[in-house]
Amino acid sequence: MLKIKTADLPALYERIAQSQDLFLPVRSAGQTDFALWQKDAQVDLDTLKTVKSPKDVFFPQSETLYSCHREDGKLSVTPEELCDKPFVVFGMKACDVQGIAVLDKVFLSEPVDSYYAARRTHGTIVALACGRPETSCFCTVFGIDPAAPEGDVVTWMVDQWLYWDAKTDKGFALTDFLHDLFEPADESTVEQVKTAIRAIVKKLPYADLSLEGWGAQAADTRFDSPIWEQLYKPCLACGTCTFVCPTCQCYDIKDYDTGSGVQRYRCWDSCMYSDFTMMAHGNNRTSQMQRFRQRFMHKLAYFPANNDGVFSCVGCGRCVDKCPSHLNIVKVIKAFGKED
Amino acid sequence: MQELITRAKALLESGEVQRVLGWKQGEHIYDPEPAFFDSAEALKDFVYNGFCGANLSKYMIEAAKLEGKTLVFLKPCDSYSFVQLMKEHRVDREKAHIIGVGCKGKLSVNKIDADGILDIQGAGYPDCADTLTVDTLYGQTTVSYKDAMLERCHVCKGKEHMVCDEQIGESADTADSDRFAQVAAIEAMSPEEKFAFFQSELSKCIRCNACRNVCPACSCRKCVFDSTKFDSTQKANTTSFEEKMFHIIRAFHVAGRCTDCGECSRVCPQGIPLHLFNRKFIKDINSLYGEYQAGVDAQAKAPLTSFTQEDAEPSIVAEGGLTHA
Amino acid sequence: MQKIGVFVCHCGSNIAATVDVKKVAKMALKEPGVCHAEDYPYMCSEAGQSRIAAAIAEKGLTGIVVCSCSPRMHEATFRKAAERCGLNPYMVEIANLREHCSWIHKDMEEATEKAVILMRAAVAKVHLNTPLQAGESAVTKRALVIGGGIAGIQTAIDIADAGYKVDIVEKTPSIGGRMSQLDKTFPTLDCSACILTPKMVEAAAHENITIHTYSEVEKVSGFVGNFTVDIRKKARMVDMTKCTGCGVCQEKCPSRKTANEFNRGLNTRSAIYTPFAQAIPNVPVIDTESCIKFKTGKCGVCAAVCQAGAIDYKQQDEIITETYGAIVVATGFDTIKLDKYGEYAYGQSKDVITSLELERIMNAAGPTKGHLERLSDGKAPKEIVFIQCVGSRCSDDRGKPYCSKICCMYTAKHAMLIRDKYPDVNVTVFYIDVRTPGKNFDEFYRRAVEDYGVNYVKGQVGKVAPQPDGSLLVQGVDLLDNKQILKKADMVVLATAIEPNPDARKIATMLTASIDTNNFLTEAHPKLRPVESPTAGVFLSGVCQGPKDIPETVAQAGAAAVKVIGLLAKDKLKTNPCTAQADELLCNGCSTCANVCPYGAITYEVRLVNDHGIREERRVASVNSALCQGCGACTVACPSGAMDLQGFSNRQIIAEVDAICR
Amino acid sequence: MPVNQNNEEFRPVIVAFCCNWCSYAGADLAGSSRLSYPADVKIIRVPCSCRVNPMFILRAFEKGADGVILCGCHPGDCHYSTGNYYARRRMTLLFSMLDFIGVENGRTRVEWVSAAEGVKFSETMNSFVAKIRSLGKNVRLGDLRCKN
């Protein structure tokens with residue numbers, strides 16, 4: 001266990017940035033999101049939840065897959081170069097780290113998504129334990145401990161100090177690189193903090209949310225429930241929940257004509273959109289109820305069915321905070337709970 | 001609130017209306033959701049408080065396709081949107097029973113700058129307090145009602161309902177700032193400052209389409225940005241251009257139709273002040289073509305579907321004739 | 001994927017001198033879908049067109065791009081050529097390499113580079129072209145002539161003689177126009193009324209001609225073959241069916257102080273009046289602004305003296321609505337206002353007059369009964385000065401930039417007539433140039449100088465100063481002798497510039513016909529289509545198109561008539577297939593498009609729509625393609641892009657934009 | 001503001017939308033009168049100025065245009081009676097919005113050019129190109145993917 005004064009963190013950022021890209025929560029125009037660290041960046045470790053999850057460090061909202069270029073009637077195809085430089089993501093919370101674990105199940109299973117895999121190989125995750133959990137948090141429901149996140153390095157903020165504990169080889173390597181910035185620390189302080197966080201978490205309004213009835217079996221039992229017809233009504237069919245979600249992984253592949261060629265890129269898509277997976281004959285899911293059901297059934301039934309019971313919700317509560325209609329996964333889970 | 005429920009029950013029970021469109025109690029006081037109530041029994045979850053900011057007009061497009069009448073509660077500012085939708089033949093006035101519900105300003109939970117909010121006292125209707133008492137996981141705090149109000153309530157269009165069958169509850173005109181002050185402040189900037197301002201705001205955009213989908217004016221069956229007819233179906237978030245294209249065109253498409261209900265800014269997950277685009281057009285329209293408030297009169301000629309021979313030339317922009325006006 | 005052929009025209013050296021046409025053709029072959037490209041000296045020639053035909057046949061082309069002159073010139077040619085080969089004519093696009101490229105750029109490399117881009121844009125567009133079918137619309141076999149001067153009368157007679165109905169709408173109480181105000185005509189010196197009156201009578205008597213005098217066109221809608229026109233028949237206050245034209249009312253009318261418009265305000269007339277003796281119809285009108293009955297309610301003399309009982313003070317304006325297949329504009333001219341020419345003392349001295357006023361003075365029916373006298377004191381003038389180009393060929397904004405064309409000849413005529421009738425009167429003409437192109441024109445002018453001793457001075461007049469003794473001091477220069485001239489004159493006549501009738505702009509706007517900066521109506525082509533307006537079905541007759549003398553006017557009137565007859569002889573017209581179409585799946589039914597449609601072509605209907613399996617009743621827009629003229633206003637008004645324009649679709653225009661910007 | 005270092009060599013991409021009835025014919029007249037203007041201007045023929053969708057203008061900028069000009073019949077002279085009046089309002093608002101978000105307002109222009117105004121067409125294009133050259137490359141409204 002090591003520690004560094006929070007006042008010295010800029011030196012730490014600068015050191016990391018000397019040799020690799022550093023992504024961390026940056027405040028810009030009133031909102032905090034993960035962004036590339038730059039000298040004048042306003043780093044914000046106090047805001048519990050960034051608007052977007054840090055998933056787009058590994059799975060960018062848009063990324064070019066390859067480019068086509070036509071000259072003299074001949075077509076050349078240039079694949080986009082894969083990420084080949086190490087980088088660090090600093091300040092990921094427990095739920096977001098678990099979000100990456102969910103994405104790993106999708107993108108790292110065969111066939112492996114090489115773009116994602118390259119970023120995972122080169123990225124070092126420095127997780128940060130939650131300081132002040134929010135009303136909308138319910139990560140514990142999914143077995144996540146916000147006081148002790150997973151990650152290559154785990155950190156805690158205690159008073160004027162950041163405690164640093166490397167967990168993996170990547171974490172040790174990063175720690176070695178930065179070693180002179182740290183001083184040794186006492187684990188007991190961190191343990192106190194963990195206890196305090198866990199005490200708060202217990203008091204959270206959604207701490208007792210029951211997932212009973214969800215999981216693989218829900219695919220059969222809950223698909224045809226009339227509750228969906230009621231639940232979806234306020235849904236505006238926007239993609240806010242999807243785009244702030246740390247686990248949503250659907251994307252669309254499109255071509256962009258740059259004038260001198262075509263860039264084939266992929267970008268996040270939302271199953272809430274009416275043009276999601278649009279085909280010549282129309283949509284697979286013709287009504288918003290179906291689209292709405294899909295999103296929650298996927299998180300709570302289909303995904304666990306295919307991934308050893310792991311839910312593809314991590315309880316970060318972003319959708320709870322951001323839905324324009326105050327509709328969210330908690331209300332969905334509770335609505336079925338009531339029915340039971 | 002009880003009065004609303006009583007009236008809704010009566011209308012349901014008399015068969016006058018088939019359903020009620022209102023707001024439903026959420027998990028907390030600050031997260032009520034728009035909801036259809038089919039029975040008097042269901043109305044037990046009905047709620048109307050300071051957090052019922054959602055404009056229900058747009059849901060009336062779907063309601064118009066249903067059998068029978070729908071009772072809808074519209075706040076004064078929501079009623080403008082309904083009139084505009086009437087003008088565009090998107091809602092059926094005959095199939096709506098409109099209760100104009102009073103409003104004393106709606107609240108934004110985001111503006112209550114507190115972590116771990118559990119409950120808020122003083123946000124009820126009609127009894128609201130000048131000061132809200134906020135219980136949080138980390139203790140109690142207070143915030144004045146005014147400071148917690150949505151941006152749009154500070155430029156409230158007034159207490160009048162533009163359309164309704166009956167009215168329940170008192171309203172307060174909560175306007176306390178100049179509707180166009182923010183626009184004028186940007187107009188006064190240098191081009192570089194303007195560009196930097198919008199660049200930093202729009203770069204936050206995640207293309208979630210919440211602003212579009214909540215907007216009662218953006219009620220197209222299929223948005224141009226989702227249609228293949230314009231080759232404009234980009235969803236990329238790679239360059240700064242697409243957000244500009246999207247927000248400029250969206251504002252242009254609702255120019256002269258936007259009632260300035262402020263829903264776009266309310267719902268933006270990134271807190272982008274999207275109303276500035278619409279309000280810029282409203283300001284320009286007012287100064288160029290005469291005062292026009294969309295949603296007042298369903299028969300009025302809209303600014304972009306009418307003209308006069310003496311209209312200003314587009315060169316007025318380069319000549320600076322539209323700034324600081 | 002289309003199979004596109006690109007044909008690059010040299011246009012002799014017009015294009016080829018500045019654009020490397022071979023390179024354009026070579027570059028075309030690199031564009032997607034282009035499977036044939038060639039260049040040729042004259043693509044529009046028979047041989048050129050047959051090369052296109054051969055390529056279509058051999059390569060099975062589905063679309064062609066012709067890189068040539070403006071589509072306004074030869075689009076129709078190439079469309080027809082394509083059609084003859086079985087290719088839909090709307091699969092042809094033109095890249096304008098001449099007017100928009102080779103003629104304006106000098107550097108070959110630069111012009112070629114641009115030509116390639118224009119070619120690419122056209123190829124990109126044609127990729128998205130779809131075959132279009134022209135519809136048909138019926139032709140209403142009736143023509144409207146706006147203006148009842150010699151131009152309108154001649155056009156109407158010629159159309160009527162061919163067997164078609166014609167209506168003349170004339171603003172003033174009588175047909176006849178400016179020509180009826182003239183005394184004699186050049187170069188034959190025959191009496192204007194003597195040759196005009198028979199034409200007026202012929203028009204009035206013609207079974208196919210209906211004359212609406214004291215009437216104005218109020219509103220025009222529709223399109224070629226099917227115009228609908230509202231005509232306001234102003235209240236004459238005299239029943240045309242009862243009036244015998246005896247003239248007693250005019251004699252007895254106690255209100256006699258109104259300026260006589262026909263005599264250019266040089267004398268006065270009664271409140272109930274016919275403008276001139278030969279007026280057609282010979283039915284007076286009551287000028288309600290001067291009439292005592294209308295001003296005070298007390299009078300009624302005319303009604304009392306009218307034995308026919310034709311006076312009807314309660315008459316109201318009447319709007320009649322007629323449909324026409326063709327419209328001829330013959331709105332004529334007026335002289336310009338001289339208030340910016342203070343140096344000539346017009347308006348300060350009654351003896352400074354315009355040439356048109358001199359016509360009235362010289363005319364036996366005029367204010368002086370045809371005696372040449374000074375309007376200030378009635379004395380016979382001994383010294384008359386004519387000043388040419390007053391307001392014509394003017395470089396500043398006081399006058400007009402163009403030559404009024406008729407002034408040199410009528411001044412020679414005036415001078416000759418005066419010298420003939422009053423040999424003791426000296427006549428001096430100050431001129432810039434004497435322009436006499438025209439049959440027997442120069443001979444006429446030389447007679448004025450050589451036989452009649454008219455004193456022509458090349459030079460301009462700087463000032464006309466009224467003198468205390470009533471005479472006028474004319475200060476000018478003689479450019480040939482290079483000396484100042486100070487001349488005392490009794491009368492000064494200004495050859496005032498002519499300008500289109502002030503109503504021409506209003507009429508042109510109603511007809512959506514274009515107008516130039518001087519308010520003359522624009523012809524479809526200055527050389528090849530001089531009597532047609534660019535707006536289909538609208539034709540131009542007389543001075544409304546540009547300054548002309550009488551024979552030219554009559555010739556143009558006949559030409560316009562031929563064009564009208566050619567149109568009315570058709571039973572059906574092909575309509576423009578480039579019309580708007582609404583996509584029912586995208587339409588919101590909001591009516592925004594209908595609000596901007598100038599033709600009322602968009603209506604709404606509730607229709608059962610199948611939207612990818614979702615069947616529901618929807619209110620959707622429907623375009624009447626016979627009414628739609630293809631402006632595209634609706635396409636931009638439509639937020640969802642449901643409304644699109646065939647031939648200029650959103651995707652086509654975007655493809656052009658992309659091709660240019662890439 | 002990024003300034004183009006070599007304005008001398010800067011060859012802007014300029015899109016000119018011209019209505020078929022007046023301005024396209026005006027451009028033809030400029031051509032037949034040999035009234036030159038820079039080759040940077042490329043004309044797109046549209047039936048009427050009211051056919052021009054603001055999306056076309058933004059699209060041009062997206063794909064690399066440095067200036068966009070719209071030419072139509074003079075107000076009152078529209079072949080379709082009213083098209084240019086609608087275009088005038090649309091473009092005024094669009095230009096105002098572009099100005100509002102900090103795009104240099106000289107990059108867009110509307111000019112009314114009749115079929116008889118070849119001289120005006122040529123003068124307009126010369127002055128517009130000069131303006132765009134003075135503004136330099138459009139960097140505020142383009143898609144970065146098109147900038148290579």
Side-chain angles (χ1 to χ4, degrees), chain A residues 28-31 33 48 51-52 56 60-64 131-137 200 203-206 230 233-244 251-252 254 256-257 263 265-270 272-275 278 288 318 320-328 330-331 334, chain B residues 21 23-24 26-28 30-36 38 42 51 54 58-59 62 109-110 115-118 136-138 197 199-204 206-214 221-223 225-228 231 233-239 242 263 266-273:
Chain A
S28 171
Q31 302 289 333
D33 277 295
L48 183 77
V51 179
K52 278 162 98 176
D56 61 346
Q61 182 156 9
S62 300
E63 67 179 310
T64 303
R132 281 157 75 97
E134 269 285 356
T135 321
S136 56
C137 294
I200 298 168
K203 290 192 286 181
L204 291 175
Y206 303 145
Q230 290 308 312
K233 283 269 166 62
C235 177
L236 293 165
C238 74
T240 308
C241 52
T242 319
F243 288 178
V244 298
Y251 58 82
D252 196 3
K254 288 179 161 286
Y256 184 80
D257 183 355
Q263 280 186 9
Y265 68 97
R266 69 170 166 192
C267 58
W268 296 354
D269 203 349
S270 171
M272 291 296 200
Y273 288 163
S274 61
D275 63 341
M278 174 69 102
Q288 194 56 33
R318 284 188 178 88
V320 178
D321 290 331
K322 295 298 182 184
C323 175
S325 297
H326 299 308
L327 200 57
N328 55 59
V330 172
K331 285 184 177 175
K334 284 196 171 182
Chain B
L21 174 55
W23 301 269
K24 186 173 146 189
E27 292 294 312
H28 307 277
Y30 54 81
D31 67 347
E33 64 190 64
F36 286 96
D38 295 330
F51 288 98
K58 195 173 186 182
Y59 293 99
E62 283 306 308
V109 74
N110 295 329
D115 292 338
I117 299 171
L118 296 169
T136 80
L137 285 164
Y138 309 101
F197 173 79
Q199 189 76 358
S200 80
E201 287 295 341
L202 290 181
S203 64
K204 293 185 294 181
I206 59 171
R207 300 297 304 278
C208 68
N209 291 317
C211 50
R212 177 188 79 183
N213 290 19
V214 80
R221 289 204 168 91
K222 198 167 190 62
C223 176
F225 288 102
D226 290 347
S227 129
T228 51
D231 291 339
T233 58
Q234 304 297 339
K235 292 177 188 164
N237 200 16
T238 48
T239 84
E242 286 196 18
E263 286 284 87
R266 178 178 72 85
V267 303
C268 178
Q270 289 280 32
I272 303 172

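From a predicted model like this one, the values you see are computed outputs, not experimental measurements. Order of the sequence lines sets the chain letters (A, B, ...), proteins ahead of strands, with each chain counted from 1.
- For the set Lys203(A), Arg266(A), Glu134(A), Arg318(A), the entry with the most heavy-atom pairs within less than 4.5 Å of chain B is Glu134(A).
- Residue Pro234(A) is tested with Ser325(A), Pro324(A), Cys323(A) for a side-chain contact (heavy atoms from CB on, under 4.5 Å); the sole match is Ser325(A).
- Here the closest non-hydrogen pair linking Asn213(B) and Ala237(A) is ND2-O, 2.7 Å.
- A donor-acceptor contact shorter than 3.5 Å links the side chain of Gln270(B) to the backbone of Lys204(B).
- Proximity to chain A is absent for every atom of Asn110(B), based on heavy atoms less than 4.5 angstrom apart.
- Of the atoms belonging to Arg266(B), it is side-chain heavy atoms, and not backbone ones, that fall under 4.5 Å from chain A.
- The aromatic rings of His28(B) and Tyr206(A) lie tilted to each other, with the angle between the two planes from 30° to 60°.
- Neither the backbone nor the side chain of Phe197(B) comes within contact range of chain A; no heavy atom of the residue lies under 4.5 Å from a heavy atom of that chain.
- Looking only at heavy-atom pairs under 4.5 Å with chain A, the residue among Val267(B), Ile272(B), Asp31(B), Thr136(B) that has the most is Asp31(B).
- Using a 4.5 Å cut-off between heavy atoms, Met272(A) makes no contact with chain B at all.
- Among the candidates Cys241(A), Ser270(A), Pro133(A), the residue making the largest number of heavy-atom pairs closer than 4.5 Å to chain B is Pro133(A).
- Not a single donor-acceptor pair under 3.5 Å links the side chain of Lys24(B) to the backbone N or O of Ala42(B).
- Defined by atom type and a distance below 3.5 Å, a donor-acceptor pair is present between the side-chain atoms of Asn209(B) and Tyr273(A).
- When Val109(B), Asp115(B), Asp38(B) are compared by the number of non-hydrogen pairs under 4.5 Å with chain A, Asp115(B) comes out ahead.
- Among the candidates Glu201(B), Glu62(B), Lys58(B), Glu27(B), the residue making the largest number of heavy-atom pairs closer than 4.5 Å to chain A is Glu27(B).
- Between Glu63(A) and Pro60(A) the shortest heavy-atom distance is OE2-CD, 3.6 Å.
- Both the backbone and the side chain of Ala210(B) come within less than 4.5 Å of a heavy atom of chain A.
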